[in-house]
Colleague: 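The structure's right below; bear with me while I get my questions together.
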Amino acid sequence: MIVAEFHSKNLTDISLRSRLSSDQPALFSLSTDIIRGLAFLNRHDLLPLSLTPEMITYDERNNIFKIADFASSNLTGFGSFAPLRPGDARYLAPELLLLGPTAHGAALQAAVVPSSAVWSLGVILCEILQIADFSSLSVAQWVSLILGDALKKKHPSFYESTRDPQATGENSTQTSVIASLDEVLRDCTTYFPSLRPGPVTVLTKFHETVTFSDSPVRSRLYDPLWDVFPPVTLRCRSEVVKTPEVLKVPLASRGIDELYRLWTLAGGDVLGELRAQGFAAEEPAILSLPQLSTGEQTTFAKGHRTSADPSGTLVVLNMKPLLERLDDVAKEVYFPLLLRSDDAIRYLTDYDEMRDLPLVIRENNLKYQLHRQILFHRLFCGYPFTQAMIKKEAAMDVPPLYRARTWAALLGIKGDIVNDYESIDKDSPCSSDRQIEVDIPRCHQYNSLMSSMEAHVKLKRILKAWIADHPQFVYWQGLDSLSAPFVYLNFSDEPLAYACLSAFVTKYVHSFFLKDNTPVIQGKSSTPCSFFHDQRSLVAAMKKSTR
């Protein structure tokens, strides 16, 4: 089950395709948006099998093309964990067509390369520009055409085998567009994956060979939830432009993670939405029992499921209740001012009365969480210059969505932590490997995320990185428990999890991990005992700590 943003318009829309075929800047924007998207996915080790017209959606509000359903192959283990629906096979790259329709798991994953989706984009562009029309061809005919032409080696690319240089049916604008994209189309539709460039190379070549002056320059918005944190680049253009469209529905300017969190606070329930559509129905356990079991623990005829299979089904979540409950929120809440002319922090007095309520009430109050999420997002956009303000706000409460980033800010994480982490040797054997192998499987096993195999791999890499980067310390039991919260909060950001662990140990408990920590352990364990027997020592220690 994947929750993602939804846009109703995609490349199956005839009017949109017609506009793209004759609008040169729009087609170039489509190409660069999708290539940038593929490059971003590759940097995060996400490899979509292919792109289809249904997967390329158009965000009309921001005038940008986006890739939908991009993580299905990775989340299903390329068909190993759950059924994988690759979409229209006519957009699959030749190396994937060779595997056949039943390929899945490790065999399919090994065949997928970063340029596999680049092929799909090239075919879609050829289709939009009417260079190729395969709507009348069946999947079998298309596969025979592509593989046959690739094996003949008469043409190095699909574009060259289909493009007729003498074609006269094109208008002058279309001819100009095709001429500008000639080299890009040839590279994208190269038959052999070893010769087909990846998204980064295609994007570089696109800027070198394609020139257009009418396309607007888009500023890249910085999102502290998804972008590298702490930021290592300038964020001068990261402000949301207060256009009339944004001011009309300011909630739409928030990220998908914030919106989903607010939607659940407004009463949204994904499973409830699925049940309303006839999916995820609760069934008696007896219906899932097999009808026959052998002595070799082989089962046959597993129980019949009466509920529909939701795989590949799109369910649009109802946002109307959220919009209605936030309809009376002032526009100033969405664009808070952090500093006044006298450099004093400006608080919104409407939420002052909430600060004395219990934390559980504040974390479940919709409007209060909207205010806190927007405030922390804005503070993190200015980190590290807003570190003092983050500490002051965090002392009051922290929105659950920004808890990981708050830890990083409180620990003063700075610099290019990604390169620092990648430069550490995390694979070479060390003397603590045996103890790590013993500790990790029993570390927070009550938590479903930390008990997963992926969490074990991440935790091991982070612990070995700490050992390799801190030769003055040694691994003692307990370091895995210190690492677990940072791995849990930064599950998709190993460098930040390691940076937080390293800063935390160095700042608070570095003496526990000395080669000889006996004096430290004895001192820490004897102090509570003396306080228990001598209350005057406790009072003196409390007075000393408050000075």
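These numbers come from the heavy atoms of this one structure, side chains and all, not from hydrogens, waters or symmetry mates.
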Colleague: Counting neighbours of CH2 on Trp263 that are heavy atoms of other residues, nucleotides or ligands and sit closer than 6.0 Å, is the number greater than 12?
Modeller: yes

Colleague: Is a donor on one side and an acceptor on the other found under 3.5 Å between the side chain of Ser116 and the backbone of Val113?
Modeller: yes

Colleague: Just checking Lys66: does its NZ atom have more than 12 heavy atoms from other residues, nucleotides or ligands closer to it than 6.0 angstrom?
Modeller: yes

Colleague: Does atom CD1 of Ile14 have more than 12 heavy-atom neighbours from other groups under 6.0 Å away?
Modeller: no

Colleague: What pair of heavy atoms forms the shortest contact from Thr190 to Asp187, and how long is it?
Modeller: OG1-O, 3.1 Å

Colleague: Going by heavy atoms in the side chains, are Ile128 and Leu30 under 4.5 Å from each other?
Modeller: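 Side-chain contact under 4.5 Å: yes.
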
Colleague: In sequence, state the C-alpha distance, the side-chain angles, and the governing distance for Tyr260 and Thr264, and then conclude on side-chain contact (heavy atoms from CB on, under 4.5 Å).
Modeller: CA-CA 6 Å; Tyr260 179 70; Thr264 57; 3.8 Å; yes

Colleague: Show, in sequence, the C-alpha distance, side-chain angles and deciding distance for Leu27 and Leu129, and conclude whether the side-chain contact (heavy atoms from CB on, under 4.5 Å) test is met.
Modeller: CA-CA 9 Å; Leu27 187 64; Leu129 293 171; 3.6 Å; yes

Colleague: Give a yes or no on whether a salt bridge exists between Arg196 and Glu95, defined as a side-chain N under 4.0 angstrom from a carboxylate O.
Modeller: yes

Colleague: Report yes if the side chains of Gln369 and Pro399 come closer than 4.5 Å at any heavy-atom pair, otherwise no.
Modeller: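 In short, these two side chains touch, coming nearer than 4.5 Å.
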
Colleague: Which atom pairs, one a donor and one an acceptor, fall under 3.5 Å between side chains of residues 315-326 and the rest of the protein, sequence neighbours left out?
Modeller:
residue: Asn318; atom: OD1; partner: Lys320; partner atom: N; Å: 3.1

Colleague: Determine, for Asp182 against Arg186, whether the closest basic-nitrogen to carboxylate-oxygen distance falls under 4.0 angstrom.
Modeller: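 Yes, charged N to carboxylate O under 4.0 Å.
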
Colleague: Could you tell me whether the side chain of Ser120 and the main chain of Ser50 form a donor-acceptor pair under 3.5 Å?
Modeller: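 No, because the side chain of Ser120 does not come within donor-acceptor range (under 3.5 Å) of the backbone of Ser50.
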
Colleague: How close do Phe65 and Ala26 get, heavy atom to heavy atom, and via which atoms?
Modeller: CE1-O, 4.1 Å

Colleague: Measuring from Leu108:CG to Leu96:CG, what's the distance to the nearest 0.5 Å?
Modeller: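 With rounding to 0.5 Å, CG (Leu108) is 6.5 Å from CG (Leu96).
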
Colleague: Run the side-chain contact (heavy atoms from CB on, under 4.5 Å) check on Phe78 and Leu49 step by step: do they pass?
Modeller: CA-CA 9 Å; Phe78 292 85; Leu49 290 182; 4.0 Å; yes

Colleague: Name the residue from Asp420, Asn490, Asp469 that meets the side chain to side chain donor-acceptor pair (under 3.5 Å) definition with Tyr498.
Modeller: Asp469

Colleague: Are any side-chain N or O atoms of His44 and backbone N or O atoms of Phe40, one a donor and one an acceptor, separated by less than 3.5 Å?
Modeller: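 Answer holds: yes.
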
Colleague: For Tyr488, which residues count as a ring-ring contact (aromatic ring centres under 6.0 Å, His included) partner, sequence neighbours excluded?
Modeller: none

Colleague: For the residue pair Thr52 and Glu54, confirm or rule out a side-chain donor-acceptor distance under 3.5 Å.
Modeller: yes

Colleague: Find out whether Leu92 and Ile146 are in side-chain contact, i.e. whether some heavy atom of one side chain is under 4.5 Å from a heavy atom of the other.
Modeller: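 A side-chain contact under 4.5 Å is absent here.
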
Colleague: Quick check against the 3.5 Å criterion: does Asn74 have a side-chain atom that pairs as donor or acceptor with the backbone of Leu47?
Modeller: yes

Colleague: Quick one, Arg378 and Phe335 - any side-chain contact, counting heavy atoms below 4.5 Å?
Modeller: no

Colleague: Let's go through Leu51 and Leu38 carefully: what are the C-alpha distance in whole Å and the side-chain angles of both, what is the deciding distance for side-chain contact (heavy atoms from CB on, under 4.5 Å) to 0.1 Å, and is it a yes or a no?
Modeller: CA-CA 10 Å; Leu51 298 177; Leu38 291 176; 4.1 Å; yes

Colleague: Does Ser138 reach the main-chain N or O of Gln141 with its side chain, forming a donor-acceptor pair under 3.5 Å?
Modeller: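 Yes; judged by distance alone, with no hydrogens or angles, the pair exists.
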
Colleague: Any idea how Phe380 and Tyr402 line up, ring-wise: parallel (<30°), tilted (30 to 60°), or perpendicular (>60°)?
Modeller: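 Rings of Phe380 and Tyr402: parallel, under 30°.
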
Colleague: Taking all atoms of both residues into account, what is the closest heavy-atom pair of Ser253 and Pro250, and its distance?
Modeller: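 Answer, listing the atom of Ser253 first, then Pro250: OG-O, 2.6 Å.
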
Colleague: Holding to ring-ring contact (aromatic ring centres under 6.0 Å, His included), I want the full list of residues that pass it with Phe70, two or more places apart in sequence or in another chain.
Modeller: none

Colleague: Do any N or O atoms from the side chain of Arg372 and from the backbone of Glu393 form a donor-acceptor pair under 3.5 angstrom?
Modeller: yes

Colleague: Below 4.5 Å, heavy atoms only, C-beta onward: do Leu20 and Tyr58 meet side chain to side chain?
Modeller: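 Sidechains of Tyr58 and Leu20: no contact.
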
Colleague: To the closest 0.5 Å, what do you measure between CG (Leu125) and CG (Leu185)?
Modeller: 6.0 Å

Colleague: Report yes if the side chains of Thr57 and Asn10 come closer than 4.5 Å at any heavy-atom pair, otherwise no.
Modeller: yes

Colleague: Determine yes or no for a side-chain-to-main-chain donor-acceptor pair under 3.5 angstrom, with Glu258 supplying the side chain and Gly255 the backbone.
Modeller: no

Colleague: Quick one: CG on Leu251 to CG on Leu262, what's the gap to the nearest 0.5 Å?
Modeller: 6.5 Å

Colleague: If you compare all heavy atoms of Ser80 against all heavy atoms of Gly105, which two are closest, and at what distance to 0.1 Å?
Modeller: OG-CA, 3.0 Å

Colleague: Under the criterion side chain to side chain contact (heavy atoms under 4.5 Å, CB included), which of Val202, Thr204, Val118, Leu203 is the partner of Pro197?
Modeller: Val202

Colleague: Which residues satisfy the side-chain hydrogen bond (donor to acceptor under 3.5 Å, both in side chains) test with Lys426, sequence neighbours excluded?
Modeller: none

Colleague: Grab the two heavy atoms, one from Pro199 and one from Asn42, that are nearest each other, plus how far apart they are.
Modeller: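 Minimum heavy-atom separation between Pro199 and Asn42: CG-OD1, 3.0 Å.
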
Colleague: So His377 and Arg254, do their side chains get closer than 4.5 Å, heavy atoms only?
Modeller: yes

Colleague: Does Lys458 reach the main-chain N or O of Phe491 with its side chain, forming a donor-acceptor pair under 3.5 Å?
Modeller: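 Yes, because the side chain of Lys458 sits within donor-acceptor range (under 3.5 Å) of the backbone of Phe491.
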
Colleague: With no hydrogens and no angle check, is any side-chain donor or acceptor of Arg90 less than 3.5 Å from a backbone partner on Val139?
Modeller: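 Not a single qualifying donor-acceptor pair exists.
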
Colleague: Tell me the closest heavy-atom pair linking Leu121 and Ser31, and the distance in Å.
Modeller: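 Closest heavy-atom pair between Leu121 and Ser31: CD2-O, 4.4 Å.
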
Colleague: Looking at CG of Leu379 and CZ of Arg405, how far apart are the two atoms once the value is rounded to the nearest 0.5 Å?
Modeller: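 If I round to the nearest 0.5 Å, the distance is 14.5 Å.
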
Colleague: For the pair Ser29 (side chain) and Pro25 (backbone), establish whether a donor and an acceptor sit closer than 3.5 Å, ignoring hydrogens and angles.
Modeller: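 Yes, Ser29 side chain to Pro25 backbone: donor-acceptor pair under 3.5 Å.
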
Colleague: Heavy-atom distance under 4.5 Å between the side chains of Ser73 and Val112, does that happen here?
Modeller: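 Heavy-atom side-chain distance check fails, nothing below 4.5 Å.
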
Colleague: Going from CZ on Phe376 to CZ on Arg403, what distance comes out if it is rounded to the nearest 0.5 angstrom?
Modeller: 10.0 Å

Colleague: Give, for atom CG of Leu75 and atom CG of Leu46, the distance between the pair rounded to the nearest 0.5 Å.
Modeller: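 Result: 8.0 Å between the selected atoms.
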
Colleague: Strictly by ring pair (Phe, Tyr, Trp, His ring centres under 6.0 Å), give each pair with a member in residues 93-127 just once, sequence neighbours left out.
Modeller: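 The answer is Trp119-Tyr191.
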
Colleague: What pairs with Asp416 under side-chain hydrogen bond (donor to acceptor under 3.5 Å, both in side chains), at least two apart in sequence or on another chain?
Modeller: Asn419

